Amino acid sequence: MSEKIEEKIHLLREELRQHNYNYYVLDNATISDYDFDIKLKELQTLEEQFPQYFDASSPTQRVGGEITKNFKTVTHKSRMYSLDNSYSIQDLQDWEKRIQKNIGSTNTEYTCELKYDGASINLTYSDGKLISAVTRGDGFQGDDVTTNIKTIKSIPLQLKGDFIDEFQIRGEIILPLDGFNKMNQKRVENGEEPYKNPRNTASGSLKLQDSAEVAQRPLDCLLYHIVSDKLPFKSHYETLENARKIGFKVPKAIKVCQSVNEVFEFINYWDKERHNLPYETDGIVVKVNNLQQQDELGFTAKAPRWAIAYKFKAEQESTILNEITYQVGRTGAITPVANLEPVQLAGTIVKRASLHNADQIAKLDIREKDTVFVEKGGEIIPKVVGVNLNLRPVDSEPTIYATHCPDCNTELVRKEGDAKHYCPNEYGCPTQITGRIQHFISRKAMNIDGLGAETVELLYKENLIRNYADLYDLKVEQIIPLERMAEKSAQNMITGIELSKQIPFEKVLFALGIRFVGETVAKKLAKHYKSIDNLMSATFEDLNSVDEIGERIAQSIIDFSNDLGNIHLINRLKFYGLQLELSEEVLGNQTEKLKGNIFVVSGVFHQMSRNELKKAIEDNGGKVSSSISKKTSFVVAGDNMGPSKREKAEKLEIKIINEQDFINLLN
């Protein structure tokens with residue numbers, strides 16, 4: 001009897017999965033909604049009666065009902081990079097030249113896909129089942145929203161057929177326009193404010209605490225990229241075609257092109273046709289199709305070299321500029337802001353736009369009460385791009401740029417060659433103080449849970465903190481009396497601050513907010529100097545000699561290190577136990593064996609992955625370059641090394657070694 005029940009449950013699950021796939025992925029319903037609901041109800045009843053046959057990937061698990069109070073932060077196994085943008089065929093041609101130079105070949109084909117406007121998601125599958133779903137976050141880590149993602153019917157909980165044992169697949173959670181309009185119609189009928197645009201509504205849906213509410217929203221998921229060390233395919237296109245076969249909703253608007261001219265034909269077609277799509281798109285993503293070439297091209301600090309986004313021409317509207325105000329950032333940089341008569345632009349209501357700097361205002365002769373043209377730069381940040389002089393008021397007066405800081409009234413300075421004005425009151429200007437602390441606690445820096453930008457401002461206002469070191473003196477009893485604070489949230493904040501003491505040195509160095517020291521520079525400095533003491537005692541000449549550290553960064557570090565206030569802050573951070581030097585574990589994996597040598601890695605490897613090989617070079621003091629030059633010391637050649645790269649290496653008489661030679665070199 002039990003075997004028959006188990007088989008019945010299994011058959012119902014398989015049948016419902018197929019119907020789900022037909023309807024939500026193939027858009028080809030093979031059963032009525034009523035009949036589907038009857039079968040789903042039958043399965044639910046059997047699962048309730050026989051809980052021993054529970055399966056997390058059952059179609060019944062899509063209805064939601066779980067409550068998530070706090071979404072856990074998860075580090076991505078493979079970083080989710082952003083894409084470089086292009087706006088013309090010239091940009092694409094320049095990108096193609098860089099690719100061909102790096103791989104040493106003109107034999108390159110591309111895939112073109114629509115750039116979907118939604119919320120990025122990273123899905124992990126193991127043994128054919130959905131294991132987790134994590135938002136993009138800052139690219140390094142995001143929020144675990146698995147419970148909510150399971151309610152989206154176009155995402156398979158269990159795959160059809162064999163694929164790879166474990167992999168990640170990435171895509172975009174979208175809200176189709178028809179579903180968005182119906183949601184808004186219902187909200188208006190209920191006397192509620194309509195949602196502003198599909199993208200933000202889709203993104204917000206993923207963080208709803210009640211998954212049953214998410215299940216009621218007509219969310220969809222379009223998938224476009226698979227990450228795995230064991231892909232059995234040779235091209236990106238082939239990978240996506242196989243992903244579609246096993247149940248993933250991979251859009252069919254994808255084309256393999258042999259040249260940038262073909263790519264531009266695809267772009268021109270969709271620039272017009274996109275207005276007929278059932279969802280929003282803001283451009284085209286172009287990728288090198290060959291996976292080996294992708295691997296060889298690798299990544300910059302921010303984006304893959306093998307992909308680029310072509311952005312459609314930004315939407316533009318005109319409106320009245322009511323007032324120009326000024327903002328001060330954490331570095332003291334002043335940004336002029338146009339306060340506008342509200343205008344709808346690319347799906348959102350825009351009230352403010354950047355004016356960049358004094359030179360831009362003077363160049364366009366922008367004045368208060370002007371009718372200005374506004375567009376979204378890269379379809380994200382609104383900016384003023386021009387003035388309708390025909391509509392300028394007769395009593396209009398030229399703009400006189402601010403002379404004093406809007407927050408502390410200190411006279412502004414502008415150094416020669418710098419486009420921005422600055423407030424020099426670094427340690428007395430409230431916005432600079434709170435801005436530095438907000439940078440310190442941010443995800444890419446100390447990643448302190450339970451502490452946000454508004455709370456930092458509240459703590460500063462209540463005189464509980466004046467710098468980021470003060471955070472480590474905070475007590476629960478000091479926080480509880482504050483507005484919107486309870487004992488649990490206060491304890492979460494203190495716990496988050498305590499846990500931040502385990503954040504590695506390179507992130508702490510970035511968190512300090514030294515001008516011009518971003519994430520990549522912080523990693524290079526941490527690796528080179530190994531401790532904050534070594535860094536702060538370095539001379540200008542020594543700093544300037546470090547790879548990719550120029551005079552501007554070197555002088556900024558010297559200025560930071562010579563400031564008595566900063567020295568005091570660093571000493572306090574040492575006392576509190578922050579990681580201000582590389583850990584013994586990291587140091588144990590680093591040597592100077594390859595110091596002074598530049599390596600180019602090309603081909604397919606067997607004992608180590610390409611990334612492991614590159615890491616081994618860097619961990620042992622060597623440098624990895626993407627292209628061969630006279631400065632190259634070694635080319636590590638795997639199978640299928642590009643013939644033109646080999647030819648160039650031989651012509652320059654650069655030593656070519658194989659994978660085993662490299663391992664021997666290390667040992």
Side-chain angles (χ1 to χ4, degrees), residues 78-84 92-111 167 225-240 256-260 263 285-308 594 597-619 622-652 654-663 665:
S78 300
R79 180 178 165 188
M80 293 183 75
Y81 286 85
S82 53
L83 292 174
D84 288 333
L92 290 174
Q93 287 168 340
D94 291 343
W95 173 70
E96 182 179 50
K97 285 175 187 172
R98 292 194 298 272
I99 284 170
Q100 293 176 347
K101 180 183 176 184
N102 278 330
I103 63 175
S105 171
T106 56
N107 184 23
T108 315
E109 66 178 19
Y110 309 97
T111 56
F167 64 94
H225 185 64
I226 289 182
V227 180
S228 171
D229 292 332
K230 301 175 182 177
L231 279 177
F233 313 112
K234 291 185 177 180
S235 73
H236 174 67
Y237 182 81
E238 184 188 358
T239 305
L240 291 185
V256 177
C257 298
Q258 304 302 320
S259 68
V260 162
V263 168
V285 177
V286 188
K287 299 172 185 171
V288 171
N289 191 31
N290 184 292
L291 294 182
Q292 184 190 324
Q293 290 179 343
Q294 283 190 13
D295 200 21
E296 196 158 325
L297 287 161
F299 301 82
T300 67
K302 295 181 179 178
R305 291 191 180 92
W306 43 265
I308 195 167
L594 306 179
N597 290 304
I598 298 173
F599 292 78
V600 171
V601 179
S602 181
V604 179
F605 301 92
H606 302 287
Q607 297 182 62
M608 307 170 77
S609 71
R610 182 187 296 274
N611 287 336
E612 286 170 341
L613 208 152
K614 289 180 177 179
K615 186 175 185 299
I617 292 168
E618 292 174 342
D619 283 347
K623 182 182 176 184
V624 179
S625 176
S626 59
S627 57
I628 296 170
S629 70
K630 290 179 182 178
K631 294 181 180 179
T632 305
S633 311
F634 297 94
V635 173
V636 187
D639 296 345
N640 303 323
M641 177 187 175
S644 55
K645 266 194 174 178
R646 183 178 289 276
E647 186 182 327
K648 187 171 184 181
E650 289 171 348
K651 185 179 178 182
L652 294 173
I654 292 161
K655 188 169 184 180
I656 300 174
I657 60 176
N658 62 29
E659 186 176 8
Q660 188 58 52
D661 292 333
F662 174 75
I663 292 169
L665 194 64

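Computed from a predicted model, the values in this text were never measured in an experiment.
The side-chain contact (heavy atoms from CB on, under 4.5 Å) search around Asn107 returns Ser105, not counting sequence neighbours. Listed by chain and residue number, Lys615 satisfy the salt bridge (Lys or Arg N to Asp or Glu O under 4.0 Å) test with Asp619 (two or more places apart in sequence, or in another chain). Checked against side-chain hydrogen bond (donor to acceptor under 3.5 Å, both in side chains), Lys623 has the following partners two or more places apart in sequence or in another chain: Asp547. Applying the side-chain contact (heavy atoms from CB on, under 4.5 Å) rule to Val624 yields the partners Lys614, Ile617, Glu618; only residues at least two apart in sequence or on another chain are considered. With sequence neighbours left out, Ser627 forms a side-chain contact (heavy atoms from CB on, under 4.5 Å) with Asn102, Ser625. With sequence neighbours left out, the side-chain contact (heavy atoms from CB on, under 4.5 Å) criterion links Ser235 to Tyr237, Glu238, Asn289. The ring-ring contact (aromatic ring centres under 6.0 Å, His included) search around Phe167 returns Tyr125, Phe163, not counting sequence neighbours. Asp295 pairs by the side-chain hydrogen bond (donor to acceptor under 3.5 Å, both in side chains) definition with Arg610, not counting sequence neighbours. Take Lys287 and apply the salt bridge (Lys or Arg N to Asp or Glu O under 4.0 Å) test, not counting sequence neighbours, and it matches Glu113.
For the atom pair NE2 of His225 and CG of Leu240, the computed distance is 9.0 Å after rounding to the nearest 0.5 Å.
Across Gln293 and Val288, no two heavy atoms sit closer than the pair OE1-CG1, 3.5 Å. Here the closest non-hydrogen pair linking Ile654 and Ser633 is CG2-O, 3.9 Å. The two residues Asn597 and Phe634 have their closest heavy-atom pair at OD1-CE1, 3.9 Å. Contact detail for Phe299 and Pro304: the closest heavy-atom pair is CD2-CA, 3.4 Å. Of all non-hydrogen atoms in Leu652 and Ser629, the two that sit nearest each other are CD1-C, 3.8 Å. Nearest heavy-atom pair, Phe605 versus Val636, reported as atom, atom and distance to 0.1 Å: CZ-O, 3.5 Å.
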Side-chain donor-acceptor pairs of residues 93-100 under 3.5 Å, sequence neighbours excluded:
| residue | atom | partner | partner atom | Å |
| --- | --- | --- | --- | --- |
| Asp94 | OD1 | Gln90 | NE2 | 2.9 |
| Trp95 | NE1 | Arg305 | O | 3.1 |
| Glu96 | OE2 | Tyr110 | OH | 2.8 |

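Using a 4.5 Å heavy-atom cutoff, the side chains of Leu594 and Leu665 are in contact. Side chains of Val601 and Phe662 form no contact here, defined as non-hydrogen atoms less than 4.5 Å apart. Side-chain contact between His236 and Leu291 is present, with at least one heavy-atom pair separated by less than 4.5 Å.
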Set out, in order, the CA-CA distance, both residues' side-chain angles and the distance that settles side chain to side chain contact (heavy atoms under 4.5 Å, CB included) for Ile103 and Leu297, then state yes or no. CA-CA 7 Å; Ile103 63 175; Leu297 287 161; 3.6 Å; yes
Chi angles and distances behind the side chain to side chain contact (heavy atoms under 4.5 Å, CB included) call for Val285, Leu83: CA-CA 9 Å; Val285 177; Leu83 292 174; 3.9 Å; yes
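With Lys648 contributing its side chain and Ile628 its backbone, the two residues share a donor-acceptor pair below 3.5 Å. Here the side chain of Glu109 pairs no donor or acceptor atom with the backbone of Val256 at under 3.5 angstrom.
Residue pairs meeting the salt bridge (Lys or Arg N to Asp or Glu O under 4.0 Å) criterion with at least one partner in residues 636-647, sequence neighbours excluded, are Glu296-Lys645.
For the side chain to side chain donor-acceptor pair (under 3.5 Å) test with Gln607, the passing option among Glu612, Gln660, Glu659 is Gln660; the others fail.
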